[in-house]
Amino acid sequence: MSLDTLIVIDGNSLIHRAFHAIPLLTNSQGVITNAVYGFTNMLLKILNEQEPGLVAVAFDKGKITFRHQDYADYKGTRKATPDELRPQFILARDVLRAMRIPYFELEGFEADDLIGTIASQAEATGLNVLILTGDRDALQLVSPKTKVLLTRKGITELEIFDEGKVWDKYGVTPSQIIDLKGLQGDPSDNIPGVPGIGEKTATTLLKDYGHVEEILAQLDHLSPRLQKLLRGKEDIALLSKKLATIIRDVPMELDLSECSWRGPDQHKLLELFKELEFKSLIKQLTNSPASKKEKTSSNKLVSNLPELETYQVGYQTVTTQEERDEILVQASHSGKVALLLTGVRGQGIAAFYLAVPDQDIYLLRVADDLDSNLTVLRALCENSEIKKIFHDAKDAIWLLQQQDIVLKNLYFDTMVAAYLLNPTAANYDVNDVALEHLNIILPAEGETALAAQAESILRLGKVLYDKLAERDEDRLYQEMELPLVQVLAEMELAGVAVDKQGLKDMSAELYQAIETLSARIHELAGENFNINSPKQLGQILFEKLKLPVFKKTKTGYSTDAEVLEKLAEEHEIVALILEYRQLAKLKSTYADGLAALVDAKTGRLHSTFHQTVTATGRLSSAEPNLQNIPIRLESGRRIRKVFIPRQRGNLLLTADYSQIELRILAHMSQDNSFLEAFRLGQDIHTRTASEVFGVPLDLVTSEMRSRAKAVNFGIVYGISDFGLARDLKVSRQEAKSYIDNYFARCPGVRRYIDRVIQEAKTQGYVNTLLNRRRYLPELFSKNFNIRNFGERAAMNTPIQGSAADIIKLAMVKINKELKEQQMQAQMILQVHDELIFDTPETEVETLIKLVRECMENALVLDVPLDVDIKLGLNWYEAKPI
DNA sequence: ATCAGATTC
DNA sequence: ACTAGAATCTGAT
């Protein structure tokens, strides 16, 4: 720290430099931020390096300064400030306010003059001064107590000038800089100078005579050449010098104490950085203590400034029985707690943190006293009078279940709430949610970090709920997403029974088939190579075998299925490769991949259903993903045989919504053709074909139907003629005529799409039927492709997301009914528009009624929701009853 | 860590 | 310049 140092910054100069050094950046709202970003970066860097006691920034104010009175063309060669830059000066001032750095500006004066004045006054009080600027004029201010930091190329490098350095570089003293300019001029400020005098002549003259005035007084003693150059130019020389001279006594009140720096206002700065989307700077502010040791420049800022220290919260480690009793009393009394459990699924709970409103945070390490501490946890969780708040309650339910603890009164899940508020966040770690919604930086690791998280979870409960209510997402949360947490936990815990021997058998069969195929492929290629390597495969196909290249990837030849299908005619190796790929996928991902994830204890697959992953509101499934089990091709479909009921006497029942997305489209668009088709129970693709091709329903061929089907898909995804043409393998023109026809016959759909995109552009987000919201900053991108993507997402999200709403609603209803009717049947999977149950044969009839009722009436639309139900001894065998 | 390619709805 | 929405997993580099 150098408390006796004042840093004075030339705001205009730095912002201009930054603007030209950094390519145009924008945030998602289209606000251009490159200059203010660069400026802020420089600011943080210099503060971090110098750790000054005082800071001030100066700006120009007013187009006309006193210099213009002397010389109208002063700065006459300057270009007007670009439109992209002007608003950034305002943003820079916002940054300074958040940094709590005072800035000065005075009508009719340039930043330089204010800097000169501030520097003089600071020197007078004995302070050291450091001037940060990109403008070499400032070198005239260098003195024993004042140094200048000049930006070099770009903005990252700084060069420090003291008196010696000025002399080395210019051959003059700082006070002679203005004389230098008086003689030489300065094209950048349009200061004329004396024609014919350049750097060399000027410095020689100044060495001999000191200053311009002296030179002019001694004109007669100069060489004839110099006399000729200077005579009659006295006024220009003196004027030029005057223009270059920084005023050091601007009439301003300056209280240096205003400049003493206490560090930034953490909240404001974070909010501003978030608004401007300065992700790397936010990261610097939120950096973990561990990474502070590294010497990345700005981390020091965090540790040195009290205001930026991470959020701390005290906690007590509970060890005695009295303390345990006491916290139970506190929890019962308050009726609400936040709980943070640590531990790993399958390994039990390591510790738990308890946050009780208006009390300390308590840490109970399970290992300290296993029985007593788990008793406390059980008492808390199983007491239905105490409301429980978790971040990722589903994970907590898993952990608790392993200790046979049942969670009652799940009151809030901050992770799920944060997801609803922004379904496109990269992750929902407590620290990031707290940063986003509480504007605090939590410590990164250790017990302190976890205690702070527990405390934050408690506070987030209210904050997030209020935000949800504000945008009418509270019912979505309350009646659907929160209850769904419990439903999903039960599905995961129940798991899916699999025939492990069946998987092994398939693996062995696949191994044989793959061996045979690869031998044949290597033979045809004339050499051994790794067929799994797109790179090696590309070399074989396109270099050795000289097959035609249709498509390239970033890194080389494309060898995807689309390409290989086109090449199948050319060489018999190609079909074999396609088959190889198919089998290799089946073996690695499915036969072997699934086998590896069968739980040793239960003998089942316990996939995780992620509730906070997708942008649209769908669930996702992982470890293993049970939402992409093959079905399209028979060879893959056979994998489904290994998915079996949990016990003898049970069956698998599947229930899937028929055409749910197109029904939602019908409902939302109110398109007459679609409404009628669904109300009459017509096959929607046949109906569409009849419309598009202008033939009666009974004359629609299967070819026509399949094309219409592709068009319907295209509509849901946000159609383009190109994409449709590729899919249907027809000309782009033909594809376009399908689309035109489609919109002509279904004008309601056209209007709906236009309306959704329009609304998205005015609101910045789209909604599903149940008010799930997705923001689409892509709509405002300058990039054509990104913008188009935004438009397609605007069309697709309400449809896909509403379908997700509906099935989630059905799941909650069904689970409730199954419990109330005390049935054995268990929901085990959800595959976007399909639910799968493991049920005793004896319950099948009841279950079908229940499931059909709940799914078809989950939400009443203007078209019926049809559900197809199938039953079987395994997933493969499931057939309509 | 990223890419290419596969699988699903 | 690129081109249909949403995902997860594997193997190669």
Side-chain angles (χ1 to χ4, degrees), chain A residues 423-424 529-538 551-564 577-578 580-594 596-597 607-610 613-633 635-637 639-640 656-662 665 710-728 732 735-736 739 766 774 776 778 783-804 807 829-835:
Chain A
T424 49
F529 69 101
N530 187 345
I531 310 168
N532 290 325
S533 161
K535 196 176 158 195
Q536 293 181 37
L537 179 61
K551 194 161 67 165
K552 293 200 131 197
T553 66
K554 268 180 270 185
T555 49
Y557 310 109
S558 171
T559 65
D560 66 17
E562 192 192 331
V563 171
L564 296 186
I577 291 166
L578 276 166
Y580 172 95
R581 281 253 177 91
Q582 202 190 331
L583 300 186
K585 175 74 176 174
L586 286 175
K587 182 167 186 298
S588 67
T589 303
Y590 298 105
D592 297 345
L594 290 177
L597 288 166
S607 173
T608 304
F609 287 99
H610 291 290
V613 167
T614 71
T616 54
R618 275 187 176 180
L619 298 175
S620 78
S621 153
E623 286 181 285
N625 179 357
L626 294 181
Q627 292 180 323
N628 71 346
I629 302 302
I631 188 167
R632 215 178 77 248
L633 301 171
S635 54
R637 188 175 197 151
I639 285 283
R640 296 186 168 221
D656 68 281
Y657 279 114
S658 155
Q659 304 295 351
I660 189 167
E661 293 192 337
L662 290 174
L665 176 65
V711 179
N712 277 332
F713 266 94
I715 295 295
V716 172
Y717 296 154
I719 200 158
S720 79
D721 51 7
F722 183 95
L724 184 63
R726 177 156 55 65
D727 234 44
L728 286 178
R732 209 167 143 170
K736 186 170 184 307
I739 296 169
V766 290
R774 174 183 180 178
L776 289 166
E778 295 90 347
N783 181 310
F784 175 84
N785 290 317
I786 296 175
R787 212 169 50 240
N788 275 351
F789 168 81
E791 292 187 2
R792 292 194 296 272
M795 301 181 229
N796 174 261
T797 298
I799 297 173
Q800 191 182 113
S802 297
I807 196 166
L829 292 175
Q830 188 253 41
V831 192
H832 308 308
D833 65 354
E834 174 184 22
L835 296 174

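Excluded from the calculations below are hydrogen atoms, water molecules and symmetry mates; all remaining heavy atoms, backbone and side chain alike, are included.
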Report yes if a side-chain nitrogen or oxygen of A/Arg726 is closer than 4.0 Å to either non-bridging phosphate oxygen (OP1 or OP2) of C/dA4; otherwise report no.
yes
Whether A/Arg792 contacts C/dG5 is assessed here as follows: a side-chain N or O lying under 4.0 Å from the phosphate OP1 or OP2. Is that the case?
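Yes.
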Any donor-acceptor N/O pair under 3.5 Å between C/dA12 base and A/Asn530 side chain:
no
Please state whether the base of B/dT7 and the side chain of A/Asn628 form at least one donor-acceptor pair under 3.5 Å?
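A donor-acceptor contact between them is present.
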Counting heavy atoms from C-beta on, name the nucleotide in [options] closest to the side chain of [X].
X	options	answer
A/Thr553	C/dA4, B/dT7, B/dG5	B/dG5
A/Asp560	C/dC9, B/dT7, B/dG5	B/dG5
A/Gln536	C/dT13, C/dA6, B/dT7	C/dT13
A/Asp833	B/dT7, C/dT13, B/dC9	B/dC9

Describe the nucleic acid contact of [X] in one word from base, sugar-phosphate, nothing, applying a heavy-atom distance below 4.0 Å.
X	result
A/Ala561	sugar-phosphate
A/Val831	sugar-phosphate
A/Tyr657	nothing
A/Gly714	base

Any donor-acceptor pair under 3.5 Å linking the side chain of A/Thr553 with the backbone of A/Thr555?
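Between the backbone of A/Thr555 and the side chain of A/Thr553 there is a qualifying donor-acceptor contact (under 3.5 Å).
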Expressed as a whole number of Å, how far does the C1' atom of C/dT3 sit from that of B/dT2?
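Straight-line distance between the two C1' atoms is 23 Å.
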Using centres under 5.5 Å plus planes under 30 degrees as the test, is A/Tyr717 stacked with C/dA4?
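Answer is no, no stack.
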